[in-house]
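Read the structure below first, then the notes.
Below, chains carry the letters A, B, ... as their sequence lines are ordered, and counting in each starts from 1. Keep in mind the model is a prediction, meaning the values are calculated, not measured.
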Amino acid sequence: MSEEEVPGHLQGLNPEQHDAVTTLEGALLVLAGAGSGKTRVLTRRIAHLLHTGVDPERILAVTFTNKAAQEMKERVQELVGEPGKKVWVSTFHSTCGRILRKDIEPLGWSTRFSIYDDDDQARIIRQILKDLGYDPKEVPPKSILSRIDGHKNRGETLADLRRLHRVSPGDALLRVWGLYDEALRAADALDFNDLIGHTLRLFREHPEVAEQWSERFAYVLVDEYQDTNSVQYQLLRILTQTHGNLAVVGDDDQSIYGFRGADPDIIRRFKADHPQHKMIAMEQNYRSSANILTVANFVVEQNSVRERKTLRTAAAPGPVVRLLVEETPFEEAEKVADLVERLHRRKDLAYGKMAIIYRTNATSRLFEAALARRQVPHRVVGGRKFYERREVRDMLAYLRLIVNPADDAAFLRVVNVPSRGIGTKTVSELREAAATRGEPLLASAKGTALGETVRDKAMRGFVGLIEEATSLASELEPVALLAHLLEATGYREMVEEENEASRKESLEALAQDAQGAERIGDTHGPLDRLQRWLDQTALAGQDEEIPDGGQVALMTVHNAKGLEYPVVFVVQMVEDQFPHAKSKESKASIEEERRLAYVAFTRAMERLYITRARRKALGFGERFGKGKGKRATEEPALASRFIHVLPPEACKGDVPQVVTEDPAKTRLESLRGFLRGRAEVEAQPSSLESLDPLEVHTLRELESLEQLQEGVRVVHPAHGVGTIQRVDIEGTLPRICLSFGGERARWVPVAQSRLKVVVE
DNA sequence: CTCTCAATGGTTTTT
DNA sequence: CCATTGAGAG
């Protein structure tokens, strides 16, 4: 075949990529390491499906973030043009939302259902706790909420909880969860997890509906499959039951959504689940220079649970990875900002080619400020913030109440915003009335506030407002309706009086966003467009472009997944921040944190900087209370365990060698840092050959390594069985002195050997 | 009963 | 910096 005859979408692929793009039928597992061309394979694959004549509407591509969905959509359209628009490319949540907007009725919801975000959820939970007489200090609504979410993410029901779990009978969760679900049902609302969970239930309880959808989607593709949770997994099984064409792409080393129930075992189990599967491993990295990969691989190899693989690269070593340490977080930010500026000036590097990546959102402020002081253009990616602004949520709540009059969370949110004389007392009486009448709050308000008291009049005023807007909703486009509401509710006036520029700006931005609603295709009338726009606001976040022009990007590791930048700064690489303090309890969550570090490092293409400070940043209270100063406490910050003893050949700068506060433990910890991923430890092996590299257990490991310090037998790949004479971890290269039978003892560098340790 | 202001408590990641 | 709660005035 001559060059011209190969279609464009198949050009420039390596053999594995080509295979992954063209294997269309059946179950396909693509294990795609970081930077191995994953997105490329997915988009080309869609193009190839269309090329072979598959109807675009019969292709479903699921991603985990909106950013990824948006990007994939764009790239598919670049490849194939117009037909690309008809392919379903969306997140799990949006996909389920779309399915339910059509077919939810058998479950007892209307197709006008509302989608509750965590704020609405918390509002409902708080009310329930109040009704039940719990003290919010003893039973924090947020914790109940996160537990409910946690269970839903794992596909567990309240009934399961009662039956199987060791929850104390007095646990508030048992009472609250049921009431919470009832409240949502009554409000014709679903929370994020319900979108997925109810779709699954719909498919289970109404197989005919499941059949229609699985018949429709002839080809299903899933990106970031390692982040699938069990509910999503079951849903996929049903969606592919008719055609069985399921292609999943993922990398267990990049599983970073454990808190959402993501279970990397699902990807590890794919082979067992699909006996007829085909597997393709893409381990060739095209993104990063060799030194960056050396460091990233070193870090992730220390995880005990993972598929064995190592990314290869043909790239040059490139600059070494730089580790920088400053005294305070403030100075760290200054340093990074200086470097950004210098790279821009001296190396003529566009600001858009640099990114600052951190573990938690709160970190951004420090770095934003440092960049702003130097007038370096920058942008914080992760625009969730916009829809979280109070004024934006308020106006959206008004709109939701119009689409779904049963939406009690929306009602509660805006009934007295701006204040119109409807206080807590009135509201709680209304809630009681509504409960006895079995009605939503809005309907109940209409039915009960009939008198001439001040209260009743105020309530009637609010109801009238909503009714008027509701009647307009079928004629006015979302923007116009929003404008009407801003005036009619007095919200505009309230904001004017406050004279807060930023609040006015967010309302402007919201109007701008509403304008976009008119472009939503395939809709019937303004109300339908309003509905679809509200879905977008709930599920998608603002139209966020990834800054590529001239702005330095700042974002969390989670937001950075899937992106790449020539220069990356991974900042605040200290214990309690990265890994985060809240993730330190279990080995599994530490391993997830380590994967996060891996994801962060592998974003870098040419230069990677890893920075930290010797002291901790101030906490909330201290930060806002006192003056600006140095913005640090006296508390020492320890270097992250993830950057300990990084391979010296690939790094330069301050590579920490010490792990713990306790000097007595330091030697052991430090040694363990080296040995993780480099030595395999097994307790009491039946024979030397039977040593299974995956059999490493926390406690045993600790015990073993303690013993390792003297006289332990070790299997060295080159020299056979030896005995440890001495251990030297003081220098930059830790060494073990081994004696092999009659031979003279020799020093072996731990970092360069794959040792198996025999514990007797 | 409602409104305003001051005090309080909260520090992970996202759909 | 946020959202929520409590005290006291209107």
- Query: If you look at every strand shown and take non-hydrogen atoms under 4.0 Å, does A:D117 touch a base, only sugar-phosphate, or nothing?
  - Reply: nothing
- Can you tell me how far P of B:dT14 sits from CG of A:D118, to the nearest Å? 11 Å
- Item | side-chain N/O A:R390 vs C:dC2 OP1/OP2, d < 4.0 Å | no
- Message: Given B:dC1, B:dT14, B:dT15, identify the nucleotide with an atom nearest to the side chain of A:T91.
- Response: B:dT15
- Could you tell me the separation between the CD atom of A:Q70 and the P atom of B:dT14, rounded to a whole number of Å? 17 Å
- Note on the structure: Atom CZ of A:F64 and atom C1' of B:dT14 are separated, to the nearest Å, by 11 Å
- Contacts of type side-chain hydrogen bond (donor to acceptor under 3.5 Å, both in side chains), residue A:S114, not counting sequence neighbours: A:N404, A:D407
- Query: Which salt bridge (charged side-chain N to carboxylate O under 4.0 Å, His left out) pairs, counting each pair once, include a residue from residues 89-100 of chain A, with sequence neighbours left out?
  - Reply: none
- Query: Between B:dT14 atom C1' and A:L195 atom CG, what is the distance in whole Å?
  - Reply: 14 Å
- Is A:Q232 touching bases, backbone alone, or none of the nucleic acid, heavy atoms closer than 4.0 Å? nothing
- State whether the aromatic ring of A:F259 stacks on the base of B:dT13, taking stacking to mean ring centres under 5.5 Å apart and ring planes under 30° to each other. yes
- Message: Checking contacts here: which listed nucleotide (B:dT15, B:dC1, C:dT4) is nearest the side-chain heavy atoms of A:R126?
- Response: C:dT4
- Item | Base B:dT12 paired with A:H580 side chain (donor-acceptor, <3.5 Å) | no
- Item | A:R359 side chain near B:dT13 phosphate (N/O to OP1/OP2, under 4.0 Å) | no
- What's the closest nucleotide to the A:H558 side chain, out of B:dT14, B:dC3, B:dT2? B:dT14
- Message: Within the 4.0 Å heavy-atom criterion, would you say A:K425 contacts the bases, only the backbone, or no part of the nucleic acid?
- Response: sugar-phosphate
- Has the side chain of A:S506 got a donor or acceptor atom that lies under 3.5 Å from a matching backbone atom of A:S502? yes
- Starting from P on B:dT2, measure out to CG on A:D456 and report it in whole angstrom. 11 Å
- Message: Please determine whether the number of non-hydrogen atoms from other residues, nucleotides or ligands lying under 6.0 Å from atom CD of A:E429 exceeds 12.
- Response: yes
- Query: In whole angstroms, how far is the C1' atom of B:dT15 from the CG atom of A:N66?
  - Reply: 7 Å
- Has A:T65 got a side-chain N or O lying under 4.0 Å from the OP1 or OP2 atom of B:dT15? no
- Query: A:N153 side chain N/O closer than 4.0 Å to the phosphate oxygens (OP1, OP2) of B:dT15?
  - Reply: no
- Message: Between A:N361 and B:dT14, is there a contact of a side-chain N or O with OP1 or OP2 at under 4.0 Å?
- Response: yes
- Identify whether any heavy atom of A:T424 sits under 4.0 Å from a base atom; if not, whether one sits that close to sugar-phosphate; answer base, sugar-phosphate or nothing. sugar-phosphate
- Query: B:dT12 P sits how many Å from A:D149 CG, rounded?
  - Reply: 15 Å
- Item | Whole-Å gap separating C1' (C:dT4) and CG (A:L412) | 15 Å
- So what does A:F92 touch, heavy atoms closer than 4.0 Å: a base, only the sugar-phosphate, or nothing? nothing
- Near A:K152 NZ, under 6.0 Å, is it more than 12 heavy atoms from other residues, nucleotides or ligands? yes
- Ring centroid separation A:F462 to A:F411 under 6.0 Å: yes
- Just compare B:dT14, B:dT15, B:dT12 and give me whichever is closest to any side-chain atom of A:F192. B:dT15
- Message: Looking at B:dT13, I'd like to know if its phosphate oxygens (OP1 or OP2) sit under 4.0 Å from a side-chain N or O belonging to A:R260.
- Response: no
